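Just below is one structure, and these are the notes that go with it.
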Amino acid sequence: MTIQRRTIVHDGPGGRFEGVFAWDDARAGARPGVLVIPNVLGQKESDNRKAEDLAALGYAAFACDVFGQGKRGEPGPDMARYMNEMNADRALLRDRLATSLAVLKAQDEVDAAKTAAIGFCFGGKCVLDMARAGLETLGGVSFHGVYDRPDYAAVDPIAMKLLVCHGWEDPLAPPATTVALAQELTAAKADWQLHAYGHAGHAFTDESRRDSTMPGVAYEPRADRRSWQAMRHFLEEVFA
């Protein structure tokens with residue numbers, strides 16, 4: 001097994017974008033593809049490593065860029081700058097996600113009929129928006145996502161299967177907001193699952209948050225491990 005990377009620069013709505021594609025070159029032929037959608041900071045090395053982890057499971061994965069080439073957040077008071085731009089224009093975000101999905105499907109190593117998406121924090125919101133927009137992919141996993149609805153009408157029914165991995169103490173998604181998401185997905189006839197992890201908050205998969213002092217925002221190793229295992233079972237079912 002040799003995991004390879006390929007940097008992909010492509011055009012999309014509003015400019016050029018740069019992501020990283022990973023696959024195992026010891027496997028022959030096309031295989032299921034997974035879109036990896038980053039958190040508030042945008043495309044970065046930790047997302048590329050997630051793509052490699054997925055490649056080691058037998059998939060091909062594209063750690064995509066929805067902010068734009070060279071537009072990356074840095075920890076600090078201005079970290080949400082590019083995310084806020086996308087939150088202010090959810091239709092543009094939808095179109096950029098559609099482009100990223102098309103790039104994944106276009107890779108020779110990918111079976112375009114078998115794709116899914118995973119996302120973290122803001123990326124978890126993006127996964128839910130892909131489902132709401134009716135983008136043609138089989139399943140999606142939201143890790144400690146944000147659940148507010150976009151300002152455009154969602155498809156009904158939602159065809160994309162969903163796994164929501166949620167930290168119960170997440171200040172960005174308190175219980176009432178989480179229940180509202182469940183009600184939304186039920187009303188849209190989606191095939192959905194919600195895994196809630198006790199004593200976990202926002203960013204529970206983010207190892208850079210091990211020493212976080214921000215209330216409700218910290219790495220939680222049990223939730224990280226359990227949610228990744230849940231994702232593995234979910235993708236196996238989606239791609240069966």
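It should be emphasised that the depicted structure is a prediction, and the values quoted were computed from it without experimental measurement. Positions are given from 1 along the sequence.
Here the CG atom belonging to L41 is positioned 13.5 Å from the CZ atom belonging to R81, to the nearest 0.5 angstrom. Atom CG of D191 and atom CD of E237 lie 7.0 Å apart (nearest 0.5 Å). Atoms CZ and CG, from F120 and D206 in turn, are 9.5 Å apart once rounded to the nearest 0.5 Å.
T205 contributes no side-chain N or O that, together with a main-chain N or O of D224, makes up a donor-acceptor pair within less than 3.5 Å. At distances below 3.5 Å, not a single donor-acceptor pair connects side-chain atoms of S142 with backbone N or O atoms of V127.
In this structure, R94 forms a cation-pi arrangement with Y152, its terminal cationic atom sitting closer than 6.0 Å to the ring centre and no more than 45° off the ring axis.
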Table please: side-chain donor-acceptor pairs of residues 98-108 below 3.5 Å, with sequence neighbours left out.
residue : atom : partner : partner atom : Å
T99     : OG1  : D95     : O            : 3.1
S100    : OG   : R96     : O            : 3.1
K105    : NZ   : E136    : O            : 2.5
Q107    : OE1  : R6      : NH2          : 3.0
Q107    : NE2  : V103    : O            : 2.8

Show me the side-chain donor-acceptor pairs of residues 165-183 shorter than 3.5 Å, one per line, residues at least two apart or across chains.
residue : atom : partner : partner atom : Å
H166    : ND1  : Y147    : OH           : 2.9
H166    : NE2  : T178    : OG1          : 3.2
D170    : OD1  : L172    : N            : 2.8
D170    : OD1  : H202    : ND1          : 3.4
D170    : OD2  : H202    : ND1          : 2.9
T178    : OG1  : A173    : O            : 3.2
T178    : OG1  : P174    : O            : 3.2

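Looking at heavy atoms from C-beta onward, D111 lies out of side-chain contact with F239 at the 4.5 angstrom threshold. No side-chain heavy atom of L135 sits under 4.5 Å from any side-chain heavy atom of M160. Taking 4.5 Å as the limit, every side-chain heavy atom of R209 sits out of range of all side-chain heavy atoms of F204.
When only modelled atom types and interatomic distance are considered, H195 and S227 share no side-chain donor-acceptor pair under 3.5 Å. Side-chain contact of Q229 with H233: a donor-acceptor pair under 3.5 Å is present, judged by distance alone.
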* To do: Report the C-alpha distance between D47 and K44 in whole Å, list the side-chain angles of each, state the deciding distance to 0.1 Å, and finish with yes or no for salt bridge (Lys or Arg N to Asp or Glu O under 4.0 Å).
  => CA-CA 6 Å; D47 302 304; K44 56 194 172 300; 2.9 Å; yes
Verify salt bridge (Lys or Arg N to Asp or Glu O under 4.0 Å) between D65 and R72, making sure each step is shown before the conclusion.
CA-CA 9 Å; D65 169 22; R72 304 292 184 264; 3.3 Å; yes
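A salt bridge links E207 with R210; the closest basic N to acidic carboxylate O contact falls under 4.0 Å. Ion pairing between R5 and E45 holds under the 4.0 Å rule for side-chain N and carboxylate O.
Not counting sequence neighbours, the partners of D129 by the salt bridge (Lys or Arg N to Asp or Glu O under 4.0 Å) test are R90, R132.
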